[in-house]
Amino acid sequence: MSETHRYDAALAADIEARWQDYWERHGTYETPNPTGELADGTGRADRPKKFIMDMFPYPSGAGLHVGHPLGYIATDVYARFQRMNGHNVLHTLGFDAFGLPAEQYAVQTGTHPRVSTEANMKTYRTQLRRLGLGYDLRRSFATIDPDYYRWTQWIFVQIFNSWYDRDAGRARPIEVLVAQFAAGERATPDGRPWAELTAAERADVLSGHRLAYASDAPVNWCPGLGTVLANEEVTADGRSERGNFPVFKAKLRQWNMRITAYADRLIDDLDTVDWPAAIKIQQRNWIGRSEGARLDFPLAHAAGGVREETVTVFTTRQDTLFGATYMVLAPEHPLIDAVVPESWPADTRQAWTGGHATPRDAVAAYRKQAAAKSDLERQAEAREKTGVFTGAFAVNPATGERIPVFIADYVLLGYGTGAIMAVPAHDSRDFAFARAFELPMRCVVEPTDGRGTDPAAWDDSFNAKDARIVNSAAGELSLDGLDVASAKARVNAWLAERGLGEGTVNFRLRDWLFSRQRYWGEPFPVVYDEDGVAHALPESMLPLELPEVDDYAPRTFDPDDADTRPETPLSRNEEWVNVTLDLGDGPKKYRRETNTMPNWAGSCWYQLRYLDPFNAEKLVDPEIERYWMGPREGMPTGGVDLYVGGAEHAVLHLLYARFWQKVLFDLGHVSSPEPYHKLYNQGMIQAYVYRDSRGFPVPAAEVEVEEHDGGWVHAGEPVTRELGKIGKSLKNVVSPDEIFAAYGADTLRLYEMAMGPLDVSRPWETRAVVGQYRLLQRLWRNVLDEATGEPAVAEEAPDEATLRAMHKAIDGVRQDLEQLRFNTAIAKITELNNHVTKAGGRVPREAAETLVLLIAPLAPHVAEELWHRLGHEDSVTAADFPVADPAFVVDETVTCVVQIRGKVRARLEVAPTVSEADLEALALGAPAIVDALGGDAVRKVIVRAPKLVNIVPA
RNA sequence: GCGGCCGUGAUGGAAUUGGCAGUCAUGCUGGGUUUAGGUCCCAGUGCGCCUCGCGCGCGUGAGGGUUCGAAUCCCUCCGGCCGCACCA
């Protein structure tokens, strides 16, 4: 028998190449817009639409391994499914190509990052095409394209030129604020009229309001990378997320984005998007909204009496104000120098002074010790409380008592006001500190667990919030008997009355540090005049192109040397930096900003440019934006229909992109306040890592299984096995090219989709890939004669059983694909294929075509080929996805299980429409049941027609 | 420490959401096709027991509970993964 028409790897490769060429020639995946350059007049844009997106890749030098395309395959399957459902589907993929790795690779290899990045993208494009991913390539771009980053810079300018109007609850153009100052509707910080301020002073005032602003503040400085980093890029143990270098606090002038202005909206709008609960929780935690109160504690004179200065604290437990028996400031708190007295007050305990002769010495020594501690060390001794008395006292505004003021590193400068009122009886950290320093504790919330009201006898603080306030009355304020919530409200009112503070909301979120000392990023469209005032470039000067330079290497330092300072590569290029420009008031000399934007900038808005990639006039045409992303039924905040990517971007890209989208929404550039409506996190494909006795990974491909004990051996030596990421260093990389060569792209696609649910991680097992290859071979044989390659289907209608199998499969596969449950969809297709295989004889055409259509989104090449050979002229991508006939989805008879006390004792074949009463009678009459009951009386019968009867004997 | 998710055959995983546990696939066993190997095809495959039957018992990390009925809900414990980590 000739095997020339057998489905094998060579034939798969041939089919796949031919159809990929066909799709490209015919523009199969090109999607029309309703208007503009990409409108096509075919009416396709009038169909319902879906915008389906992946998190775009960073093109690394290593190319793709089999773990990378999981999400891309999933969105491609979904996009094909929706296209077959008659949707106008927008699906494409660009490249996130600015950023550190390209620059590091460039420095290592001596190639310019543009050259290596372009080469990497070319490799990626080839590999993605080989997978048969159906993209509208006209809409694909890279963030490094000047045509693209022109608009990244443009958005920066929009953000720079706007401020957050709290009264309006949204961002507005900065001119509105200027007008308010000029008209005197809004007071300047020092009260002088706006007209009297110099240009530099005005710029300074406005900088305090702009959504993008430069400021001197402690930032995360990473000498090992030679750049500063955003909070989101620093790990919990104080190292850089990329490269794992130490990160230090350094006071530097840097650009920031006022993302904190959007904290509430970023939390609130999470309710309107369809995202995994875990990601929403992470964002909420990162933003860290907490309700409480801000209140002032007056400082006390040594001799008694109250000073002018106050210490402001933030607390969420203002109800425990009467229990505040001391205060703690963060070691770096700016007020400390002003409060520390010359000498220790009389009777100061030795334990409080740290053994120092004066408070000043004690504070200086403690600060030094705290600064020297790495975050890792702080973490290790997390619960060990240290601190020192400042020698100063404050006054509890409720009780009037003098309370000592300490500094301790368990209070962080970066959170709240950097100072706390300590209530040791009702906060476990304060409790531990009070124990260590023998500070008084006062119980002001009555314990509900029977421990009594004397904190001296407790093991830990009492924190329950469903209790009542006690011991809290002085002057006109009494909280006694109130529950916690009422007491908080009462204290808030009292604070406001007395002008001591107010109820307030505090956020953990800090502003986003937006500048980097790197070459390979978007240049800031900003210049400084001779007074050092920053000016945004006018739109006509965009894009400000990244200059081509030879010396693009970042200045990096000894990773542990905290005293170093960054140097920007662009600053070396004097002729680029110093320019004469006319910004509207005649030619003047300016210096360019030499920082570049972080690599997140390009990914903050790319969904918008996919919509209208060639628009030279606008970021995106409003009609096109509304068409694809505007608010609609069930999606009040609009956005991309489906966005698939890894969970590692939970608080980075996904938070930043939401923020930019909201600013653009406020400024009227887009109609959708959320960028991504439905987010789906795909799991990771893992692979086994084999290690030798020294713990070094050995090449996974060379490991063999021991015959007798099932262990693993490499080069005759036993090795251990564990699951890990796929990567070069773990020697377990499997390239898609190997799988293409052995089985073809359709098999790889099916295998990745069949491995398990999309959202969980699963181990790659090359030997299991063959299962999906067999499915395709069986399908091929069911449709074609292997000897001739001609269709070998029967033209008669399928029999009843086959019809039912077909329609059940259609029904199930439809639901599964809609819910991204590709693994069970494939199981159902396999089942149907097995059904027609077992039935023997020629497969009826209707069944064969159903199989081809069902598998088309998953294995598009083989589906195209079979569809074509079955005599269809059009691409299967344009065919309608089958719709199940309800009459055949329900079985003619169903098996009803009859249970006695929940154990199956008999099965009955009944009509699906059988009535409960009939079914009960049938069940009670079944011989096996009569036998099993043995004449026992029946106490109860539960009938769930038509599938189950449960009989409970007395 | 706090919060979240998850434990099902040798393996990846199904289970219409409280109603027959183990769909589908890998692996393994046996058989067939083949000069041979591979491919391919067919059958079997949770564990145990026996009188080998359309049989019985056990079985979803462990223990308990709710229910006519629990992989699914509740409680305790064990194990794993992820996030946060002195957040006032």
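In what follows, chains carry the letters A, B, and so on, assigned in the order in which the sequence lines appear, proteins first and then strands, with residues in each chain numbered from 1. Just the heavy atoms: all of them, side chains too, but no hydrogens, waters or symmetry mates, feed the values below.
Ion pairing between a basic and an acidic side chain is recognised when a charged N comes within 4.0 Å of a carboxylate O; A:D816 and A:K828 show such pairing.
As rounded to whole Å, 13 Å separates atom P of B:rA14 from atom CD of A:Q819. Straight-line distance from the CD1 atom of A:I900 to the C1' atom of B:rG19: 16 Å, rounded to whole Å. Distance CG (A:D759) to P (B:rC82): 16 Å, rounded to an integer number of Å. Put simply, CG on A:L329 is 16 Å from C1' on B:rC86, counting in whole angstrom units. In this entry the distance linking CG of A:L775 with C1' of B:rC40 reads 15 Å, nearest Å. Computed from coordinates, the A:N823 CG to B:rG12 C1' distance equals 10 Å when rounded to whole Å. Between the CE atom of A:M755 and the P atom of B:rG12 there is a distance of 11 Å, rounded to whole Å. Protein atom CG of A:L723 is 15 Å distant from nucleotide atom C1' of B:rC6, rounded to whole Å.
Comparing B:rA36 with B:rC49, their P atoms sit 39 Å apart, to the nearest whole Å. Using atom P as the reference point in both B:rU76 and B:rG69, the two lie 23 Å apart (nearest Å). To the nearest whole angstrom, the two P atoms, one in B:rG80 and one in B:rU8, are 14 Å apart. Separation of the C1' atoms belonging to B:rU72 and B:rA21 is 11 Å when rounded to the nearest angstrom. For the C1' atoms, the distance from B:rG61 to B:rC6 is 11 Å, rounded to whole Å. If you take atom C1' in B:rG3 and the same atom in B:rC58, they sit 38 Å apart, rounded to whole Å. Across B:rA71 and B:rG19, the matching P atoms stand 10 Å from one another, rounded to whole Å. B:rG7 and B:rG13: their C1' atoms are spaced 13 Å apart (whole Å).
In this structure, B:rG7 forms a base pair with B:rC78, meeting either the Watson-Crick or the G-U wobble geometry with both donor-acceptor distances under 3.5 Å. Pairing of B:rU35, defined by two Watson-Crick or G-U wobble distances under 3.5 Å, is not identified with any nucleotide. Shown here, B:rC84 forms a base pair with B:rG1; the pair counts as Watson-Crick or G-U wobble because both key distances fall under 3.5 Å. Base-pair partner of B:rC24: B:rG12 (Watson-Crick or G-U wobble, both distances under 3.5 Å). Across all strands shown, B:rA43 forms a Watson-Crick or G-U wobble pair with B:rU29, both key distances being under 3.5 Å. In a base pair of the Watson-Crick type (N1 to N3 plus N6-O4 or O6-N4) or a G-U wobble (N1-O2 and O6-N3), with each distance short of 3.5 Å, B:rC56 is matched with B:rG48. Under the Watson-Crick or G-U wobble criterion, with both distances below 3.5 Å, B:rA70 is left unpaired in every strand shown.
RNA chain B is contacted by both A:R939 and A:T315; A:R939 maps to the nucleotide lying nearer its 5′ end (nearest heavy atom per residue). Between A:I951 and A:V651, the residue anchored nearer the 5' end of RNA chain B, judged by the nucleotide with its closest heavy atom, is A:I951.
More than 90° away from 0 lies the glycosidic angle of B:rU72, which makes this nucleotide anti. The glycosidic torsion of B:rG38 lies more than 90° away from 0, placing the base in the anti range.
For A:F406 and A:F433, the gap between ring centers is short of 6.0 Å.
Within the 4.5 Å cutoff, side-chain heavy atoms of A:D430 are placed close to those of A:I420.
Taking every side-chain heavy atom of A:T837 into account, B:rC42 is the closest of B:rC42, B:rU39, B:rG19. Listed nucleotides B:rA88, B:rC68, B:rU39 differ in distance to A:I420; the shortest reach to its side chain belongs to B:rA88. Distances from the side chain of A:Q777 to the nucleotides B:rC68, B:rU39, B:rC86 place B:rU39 closest.
Proximity of A:R284 to the phosphate of B:rG83: no side-chain N or O atom is located under 4.0 Å from OP1 or OP2. For A:R944, no side-chain nitrogen or oxygen approaches OP1 or OP2 of B:rG69 to under 4.0 Å. When the side-chain nitrogen and oxygen atoms of A:S290 are compared with OP1 and OP2 of B:rA88, one or more of them lie within a distance under 4.0 Å.
Counting non-hydrogen atoms under 4.0 angstrom, A:N506 reaches nothing in the nucleic acid. Within the 4.0 angstrom heavy-atom criterion, no nucleotide atom of any strand lies near A:T417. Residue-level contact check: A:N950 touches the bases, meaning some heavy atom is under 4.0 Å from a base atom.
Between the side chains of A:N732 and A:Y690, no donor N or O sits under 3.5 Å from an acceptor N or O. For the residue pair A:D460 / A:S428, no side-chain donor-acceptor distance below 3.5 Å is found, with atom types taken as modelled.
Note that A:K385 lies in the cation-pi zone of A:Y410, set by a 6.0 Å cut-off to the ring centre and a 45° limit from the axis.
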Item to check | Criterion side-chain hydrogen bond (donor to acceptor under 3.5 Å, both in side chains) on A:D511 and A:T260, from CA distance to verdict | outcome: CA-CA 6 Å; A:D511 277 341; A:T260 50; 2.6 Å; yes
Checklist entry - Between A:M806 and A:F888, does a side chain to side chain contact (heavy atoms under 4.5 Å, CB included) hold up when you go through it step by step? => result CA-CA 8 Å; A:M806 274 165 50; A:F888 291 109; over 6 Å; no
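To the nearest 0.5 angstrom, A:R821 atom CZ is 12.5 Å from A:L758 atom CG.
Within a 6.0 Å radius of CG in A:D271, more than 12 heavy atoms belonging to other residues, nucleotides or ligands are found.
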Identify the pairs formed between an N or O of the protein and an N or O of nucleotides 20-27 of chain B at a distance under 3.5 Å, and give each distance.
{"residue": "B:rC20", "atom": "O2", "partner": "A:R907", "partner atom": "NE", "Å": "3.3"}
{"residue": "B:rC20", "atom": "O2", "partner": "A:R907", "partner atom": "NH2", "Å": "2.9"}
{"residue": "B:rU23", "atom": "O2'", "partner": "A:E831", "partner atom": "OE1", "Å": "3.1"}
{"residue": "B:rU23", "atom": "O2'", "partner": "A:E831", "partner atom": "OE2", "Å": "3.4"}
{"residue": "B:rA25", "atom": "OP1", "partner": "A:N834", "partner atom": "ND2", "Å": "3.1"}
{"residue": "B:rU26", "atom": "OP1", "partner": "A:R774", "partner atom": "NH1", "Å": "2.6"}

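Counting atom types as modelled, A:R762 pairs no side-chain N or O with a base atom of B:rG12 as donor and acceptor under 3.5 Å.
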